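Structure, as structure tokens:
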There are 2 protein chains.
Amino acid sequence: MTLIETLRRDILAGTIPPGSLLMQTELAARFGVSRIPVRDALQALAAERLVTVVPGKGARVIRLGPQELAEVYDLRILLECDLIHRAARRTTEAQRDEAAHVLARSDLEAGRPGWEAGDRAFHMSLYAPAERPRQIALVHELRDTAALHLAQYQVLAENTSRWLDDHHQIFNAWQAGQAASAAALLAAHLTAARDHLLQLVTAQMR
Amino acid sequence: MTLIETLRRDILAGTIPPGSLLMQTELAARFGVSRIPVRDALQALAAERLVTVVPGKGARVIRLGPQELAEVYDLRILLECDLIHRAARRTTEAQRDEAAHVLARSDLEAGRPGWEAGDRAFHMSLYAPAERPRQIALVHELRDTAALHLAQYQVLAENTSRWLDDHHQIFNAWQAGQAASAAALLAAHLTAARDHLLQLVTAQMR
DNA sequence: TGGTCGAATCGTGTATACATGTATACACAA
DNA sequence: TTGTGTATACATGTATACACGATTCGACCA
């Protein structure tokens, strides 16, 4: 696994928490390389909005406040609802089979560590028919930002049943080509996720 | 002016056309610096989606096809209409005065070289009340991508009157707090711009 | 004459070395 | 005791040097 992949994984998993200061010299020593590839990796992570490079200071893992996180989720709602709306009217049978398969797999991972990957795979399988690579890349970035902050908290398993039910409802509407319905269900689903995270963050700040 | 600013300006102005291959060694010699700052600058431009870094090959200025440009404009419509809708209900008097001032200034530049800056300033002044820094940054990136491709063609002045009229209509609705109306007018405005560019691009490809 | 193999050249990737700016800690003065 | 100034240490920014890979040109062979 390459340097940038390792750093990205550790940041997204919360191993390197938000606000951490990443020092080139330390990383270079730890990975047994010079500082140049480390600089490249940090700039690449900055391109993905996972860290912010402060000139002469180093790279800091992003740490967003409630307002900024709310904006991230609002952007996700805007972009993901548009994607599912576009996609629902263009699905092929192979794509429907694929999405059903991904949904079944994500059911098994629900609540278990690494559930975020399954959740993302399911959502992305719904968006694939839209054929909007740039928009999908943006959604990945926004989801990375959210995942990075979610990893700080051990997400409760109490809402997983509601969460699973949402997924099945969204999938059914999507599969049936009911674009407006799928988009509305997705909006409610993401809004609930937004409110949940904001509740955690504001509770943390007290 | 710093290295990255110079490169960005030349790319956006079309001086370095889409598809150009930027070589580290050549840029280093031209600017009288070593290759390290050049690498940094190219990676920073890659973060803004202005170039794509091909490992072992160099950095290439992006060149989008009709389908990708259409996606960029659709994303702009999605994000900018949401911004104007959020902003129109939260304007302060100072912001309305500021936008009117920017509109008057952009009127004078219409059709003249550099009109894109005035157009962007006007639109951004409308979005400012929304207080969505990340969303606004995304719009800037998307507008950069569009500007880079628009710079290839000498934009005709025949549509400027229609274009100016659009701006005044959008401004009036925005100023009056008519969010839905402003968003609808903006959507039509941007759709026209999209179709115009796509027409130029497809005509070029023959 | 066309194709293929090989060598040379060019450009990037990386390591090492030096310069610059910043943060921190300590000492001294108010 | 507190604030400021300076010195030291450290991290980043940059230049130079070397290694690897790719591409291209040429030569040789079929």
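Fair warning: this is a prediction, and the values are worked out from it, not measured in the lab. In what follows, chains are A, B, ... by sequence order, proteins preceding strands, each numbered from 1.
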> How are the rings of H167(A) and H123(A) set relative to one another: parallel (under 30°), tilted (30 to 60°) or perpendicular (over 60°)?
Replying inline: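 H167(A) and H123(A): perpendicular rings.
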>> Is it true that, when you exclude R63(B) itself, more than 12 heavy atoms of the residues, nucleotides or ligands shown sit nearer than 6.0 Å to its CZ?
In response: no
> What string of B, S and - do you get for nucleotides 10-17 of chain D, 5' to 3', when a contact is any protein heavy atom under 4.0 Å?
Replying inline: -SBBBBBB
Are side-chain heavy atoms of [X] and [Y] found at a separation under 4.5 Å?
X	Y	answer
L50(A)	L7(A)	no
R120(B)	D144(B)	yes
R143(A)	M124(A)	yes

> Which whole-number value in Å describes the distance from R30(B) CZ to dG11(C) P?
Replying inline: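 In whole Å, dG11(C) P and R30(B) CZ are 13 Å from each other.
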>> Without decimals, in angstroms, what is the distance between R60(B) CZ and dT12(C) C1'?
In response: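 One finds 15 Å between C1' of dT12(C) and CZ of R60(B), rounded.
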